[in-house]
Amino acid sequence: MIDKICAAADALRDVADGATILIGGFGEAGSPTELIHALIDQGASGLTLVTNNAGNGEIGLARLIQRGRVRKLICSYPRSAHGYVFDGLYRQGRIELELVPQGTLAERIRAGGAGIPAFFTPTAAGTDLAQGKESRMFNGRPHILEQAIRADVALIKAEAGDRWGNLIYRKAARNFGPAMATAADLTVAQVCRVEPLGAIDPEAIVTPSIFVQKVVHIPDPISERAHIKELAAGQRT
Amino acid sequence: MIDKICAAADALRDVADGATILIGGFGEAGSPTELIHALIDQGASGLTLVTNNAGNGEIGLARLIQRGRVRKLICSYPRSAHGYVFDGLYRQGRIELELVPQGTLAERIRAGGAGIPAFFTPTAAGTDLAQGKESRMFNGRPHILEQAIRADVALIKAEAGDRWGNLIYRKAARNFGPAMATAADLTVAQVCRVEPLGAIDPEAIVTPSIFVQKVVHIPDPISERAHIKELAAGQRT
Amino acid sequence: MSGWTLDEMAARAAADIPEGSFVNLGIGQPERVANHIPPGFEIILHSENGILGMGPSPDPEQEDMDLINAGKKPVTLIPGGAFFHHADSFAMIRGGHVDVCILGAFEVACTGDIANWSSGKDGVPAVGGAMDLAAGAKSLRVITSHVTRSGSPKLLSQLTLPATGRGVIDRIYTDLGVLDPKGDHFRLVEMAPGVTVDDIRRQTGAPIEGSA
Amino acid sequence: MSGWTLDEMAARAAADIPEGSFVNLGIGQPERVANHIPPGFEIILHSENGILGMGPSPDPEQEDMDLINAGKKPVTLIPGGAFFHHADSFAMIRGGHVDVCILGAFEVACTGDIANWSSGKDGVPAVGGAMDLAAGAKSLRVITSHVTRSGSPKLLSQLTLPATGRGVIDRIYTDLGVLDPKGDHFRLVEMAPGVTVDDIRRQTGAPIEGSA
């Protein structure tokens, strides 16, 4: 019997130092905070993370960065209101940053999952972010060649999953999850609900089982918003 | 108020001679037979069709080809048990064929819809279908450069739609519909059911409204299988 | 010289959007355009993070941090809306399916170039979806104050800041009027009440043609 | 010499598939492999036209022409199955997510090359998903009669027909045995009962090593 449901620690046991890790989420929505905490406990370091943002406060992504486990971030928008952890390390030159336009980031990950090693895109052509990239005209417009991103591990958050690894998401928390799930050797999804096999409508499954290796049940995930409020309250007292 | 629901004839009024047309379906499943018949009535000719198959019997795709409206087919699998119409014209040299591996066909259409003008793929590298194509090594394996496909019109079949153009499909009849919907200036979907706006679960919408220009209500579409049986019965008498 | 208020600028930009358009509004001043779409007039708002049919902000007790816009603020979904993933969302943008995108800007050149992602002196660089929107939207428009806080022109002959996209802007709405980049000059389409062509010339770093 | 029946070949191929594998079975003889997966042993079948979790053929009165396999024959969906579109389906294939693919073949070379799309004399050429599967599956295997109907070897030193893919085949199941392409020869992994190495050598157009 296939059963991909397991504890976070078991799912992440074999993550190696120096691994490349895709981490889902757009800000708080879809951020696999509990999986990131399990990765901190697991101890891997020298990581390259691929994420849209760089975390807020001192939980999840921000905490992983704060603990010095991250060598490099491949990211579209590492700046945010409560992003002081990354901000500080970056200004000290203690973390490397590869800045990628958000749609190019999503497409590079999608390409990694789809066996497309490189593609041409008009995004960023003629800008500083095109420097060093092969350029070619299509339909009279300049385009640049972008490379696929594949990773050792993807950590994502979904609303529900089953023991085969089928996933559905919730509202805009879907964001990078489905593309990231396709582009890693080990995709681990934390889910708020575990459903019996067959209970998720096969027409509505967003990530089919083939893309997921481990499912971790986190029924009541941490709220980043509440954490930020607590931090602010702590500073006031 | 946005209302994309209209009659097939109205949806197809402006299709020009020489147009490139994406036609959904994998065999019978997802084939927009009634829209193709409306296109025959509309009269456009010299068409380039992009389809997975070349039709069966003498309805839908096969009928459009039989009427001499098609100059060229871009197709992965134009051979089938009841595909004598295309077969005959092809052997007479009266229709052009560009043969494309099925996954490359799907990806070229998806690229057309996603603003990616070209991409590298390992599929067909080292085969006759790579002839004349730019080749490059990635990860130690040969890949070839494939170009996006965009069309003037896409004709697809879905299970249900609403007045904005949101679509859901039915089982494996989904096939090429979602990718084709993204890659044409005019996407027309025939749907078995029209739903009130908001009735389709926003989490389960497969083709969001932005990709669809016209929705045609065909509650009880023709069965190709029944047609083939009728043809066979006619030949026996 | 008086000029338009922020809401008047937004209303002017909204008036150029046909019913049935799919529209992406940048973070900040562009978001205000949504408040000026007439009730019942159907415009479908796209958000990069996977939403079509974005509705207004919810009441505080209805806020759902899984339903946020590109600026990470809580929003709502209207009937007919849909959710989709990031690669599909940017396929909509890059593939030319978004009819109108309205962005804020640090600078716009009469060549149609726009700079809105880097002030050239930011500590942490961040680009987000700005370059994708600049490359992909069918019609790209800017809404911005005509000059910087210190009074320098934002509409220029050429950019001084790093570009977000080149030759992509169709129209600019400022507190002083509406202008279209035309290569080597801006064409003046409309002036706010009380504003003269001379006011605009004086505050623009590129030639102006037309008297609106 | 006796050799395996079609069902014995299929059973032998099925025995090499670990539980939990995602498997694509080509049209024809490969489809028969599905009949030899033990009940309760979970193998998830992929079909190019957008299905994971494909089940057995339905009773005739349950046939649904919207639920067909890549050979366009009616199938069923088992609990845990999912539907998806063609571009996503081939992303699974090209992206290396399908663990095992078993194809039919006209010819296989000891270089791992396979020819199964064109007999070189077809009226209407057709390729379907064969080249995508050849390029993308994690492990690509062939199930075929050892020789053609006219008795010519199908396992060769090099292809005589147009290639579907190059250097991609890991293993071949025939009525005579199991062989792995090893560059300049086939390695004999297993022989069907009553078959000798000499039988295999005589009917193979490339060197054989190993005695199984």
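Just so we're on the same page: letters track the sequence lines, and every chain starts at 1.
The parts of Arg170(B) that come within reach of chain D are both its backbone and its side chain, each placing non-hydrogen atoms under 4.5 angstrom from that chain. If you measure heavy-atom distances from Tyr169(B) to chain D, you find no contacts under 4.5 Å at all. If you measure heavy-atom distances from Ile51(D) to chain B, the contacts under 4.5 Å come from the side chain alone. Of the atoms belonging to Thr164(D), it is backbone heavy atoms, and not side-chain ones, that fall under 4.5 Å from chain B. Proximity to chain B (any heavy atom under 4.5 Å) is restricted, for Asn69(D), to the backbone atoms N, CA, C and O.
By a heavy-atom distance cut of under 4.5 Å, Tyr90(B), Arg91(B), Leu97(B), Leu99(B), Val100(B), Pro101(B), Gln102(B), Gly103(B), Thr104(B), Ala106(B), Glu107(B), Arg110(B) are the residues of residues 90-114 of chain B near chain D, going up by number. Within residues 205-222 of chain B, no residue has any heavy atom less than 4.5 Å from a heavy atom of chain D. Taking 4.5 Å as the heavy-atom cut-off, none of the residues of residues 22-46 of chain D approach chain B. For residues 130-143 of chain D, a heavy-atom distance under 4.5 Å to chain B picks out Met131(D), Asp132(D), Ala135(D), given by residue number.
In this structure, CE in Met180(B) is found 8.0 Å from CG in Asn175(B), a value given to the nearest 0.5 Å. A distance of 8.5 Å separates CZ of Phe90(D) from OG1 of Thr123(B), quoted to the nearest 0.5 Å. Considering OG1 of Thr127(B) and CG of Asp113(D), their distance stands at 11.0 Å, rounded to 0.5 Å. In this structure, Cys75(B) SG and Leu49(B) CG are separated by 9.5 Å, a value rounded to the nearest 0.5 Å.
Ranking Ser76(B), Ala29(B), Ser80(B) against chain D, the residue ahead of the rest is Ser76(B), based on heavy-atom pairs under 4.5 Å. Ranking Ala115(D), Gly123(D), Ser89(D), Gly167(D) against chain B, the residue ahead of the rest is Gly123(D), based on heavy-atom pairs under 4.5 Å. Considering only heavy-atom pairs separated by less than 4.5 Å from chain B, the leading option among Pro125(D), Ala91(D), Ala87(D) is Pro125(D). Contact tally against chain D (heavy-atom pairs below 4.5 Å) for Ala81(B), Ala172(B), Gly126(B), Gly30(B): the top residue is Ala172(B).
For the side-chain contact (heavy atoms from CB on, under 4.5 Å) with Leu64(B), the lone residue among Ile21(B), Thr51(B), Ile23(B) that qualifies is Ile23(B). When the options Asn116(D), Thr160(D), Thr148(D) are evaluated for a side chain to side chain donor-acceptor pair (under 3.5 Å) with Glu107(D), the one that passes is Thr160(D).
Leu129(B) and Ala124(B) make their closest contact through CB-CB, 4.2 Å (heavy atoms, listed as atom of the first residue, atom of the second, distance). Heavy atoms only, all atoms of each residue included: Glu224(B) and Ile59(B) are closest at CA-CD1, 3.8 Å. The shortest heavy-atom contact between Gly57(B) and Val85(B) is O-CG2, 3.6 Å. Here the closest non-hydrogen pair linking Asp184(D) and Cys110(D) is C-SG, 3.6 Å. Minimum heavy-atom separation, Gly60(B) to His37(B): N-NE2, 2.8 Å. Heavy atoms only, all atoms of each residue included: His146(D) and Leu155(D) are closest at CE1-CD2, 3.9 Å.
Of the possible polar contacts, none joining the Trp4(D) side chain to the Gly177(D) backbone as a donor-acceptor pair under 3.5 Å is found. Side chain of Ser118(D) to main chain of Gly120(D): a donor-acceptor pair is present (N/O by atom type, distance under 3.5 Å, no hydrogens or angles).
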Asp185(B) vs Arg150(B), salt bridge (charged side-chain N to carboxylate O under 4.0 Å, His left out): CA-CA, chis, key distance, verdict: CA-CA 8 Å; Asp185(B) 294 339; Arg150(B) 269 198 65 88; 2.8 Å; yes

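Under 4.0 Å is where a charged nitrogen must lie from a carboxylate oxygen, and between Lys72(D) and Glu28(B) no such pair does. One finds no salt bridge joining Glu159(B) and Lys171(B) here, because no Lys/Arg side-chain nitrogen approaches an Asp/Glu carboxylate oxygen to under 4.0 Å.
A donor-acceptor pair shorter than 3.5 Å cannot be found between the side chains of Tyr84(B) and Asn56(B). Under the 3.5 Å distance criterion, with hydrogens and angles disregarded, a donor-acceptor pair is assigned to the side chains of Ser47(D) and Asn49(D).
The ring of Phe138(B) has its center closer than 6.0 angstrom to the ring center of Phe120(B).
Atom CD of Gln158(D) is surrounded by 12 or fewer heavy atoms from other residues, nucleotides or ligands within 6.0 Å.
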